[in-house]
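Read through the structure below, which is laid out as structure tokens, and then see the notes.
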Amino acid sequence: DNQKSCNEFISFTDVMFDSNFRSAGGAIVQHVMGATFTACFWTGFTGTALQIDGGHEVMVEFSWFAECYWSDSKTCIDRDDSSIAVQINGN
């Protein structure tokens, strides 16, 4: 279609996205229509935790984004503070 949105009504609820074992971030959502992230916990990301490319009607609500755990002070101090919680690259 002209909107180029091919994924509809995707929902993540009560999910923990632990990015410690990924190279940079947690999730990339592309060309969606009607996606929701509710009560999600994002941690360990060094790049972008949630990247939204294209589409529309994406909602992020009641979610927690933490680059690192506060209790792991050595890891938090040694990290580069260039990470992004949510990056929106809309239409």
| note | Taking every heavy atom of F65 against every heavy atom of L50, the minimum-distance pair comes out as CE2-CB, 4.5 Å
| message | With rounding to the nearest 0.5 angstrom, report the CZ to CG distance, F41 to D14. | response | 13.0 Å
| task | With rounding to the nearest 0.5 Å, note down the distance linking CD in E8 to CD in E57. | result | 9.5 Å
| query | Can F37 be reached from F62 by stepping across I, L, V, M, F, W or Y side chains whose heavy atoms are under 4.5 Å apart? | reply | no
| Hey, what do you get for CD1 (I52) to CE (M59), rounding to the nearest 0.5 Å? | 11.0 Å
| note | Between A49 and A85, the two heavy atoms sitting closest are CB-O, 3.2 Å
| For A35, all residues meeting side chain to side chain contact (heavy atoms under 4.5 Å, CB included), sequence neighbours excluded | I10, V32, V58
| Mind checking what makes ring pair (Phe, Tyr, Trp, His ring centres under 6.0 Å) contact with F17, not counting sequence neighbours? | F12, W42
| task | Taking the side chain as every heavy atom from C-beta outward, state whether E67 and T46 have any pair of such atoms under 4.5 Å apart. | result | no
| said: Distance check, rounded to the nearest 0.5 Å: N89 atom CG versus D53 atom CG? | reply: 4.5 Å
| request: State yes or no: do I84 and I88 share one hydrophobic cluster built from I, L, V, M, F, W and Y residues joined by side-chain heavy-atom distances below 4.5 Å, directly or via other members? | output: no
| query | Closest approach of S63 and A39, non-hydrogen atoms and distance? | reply | OG-N, 3.8 Å
| Side chain proximity check, T36 to S11, heavy atoms < 4.5 angstrom | yes
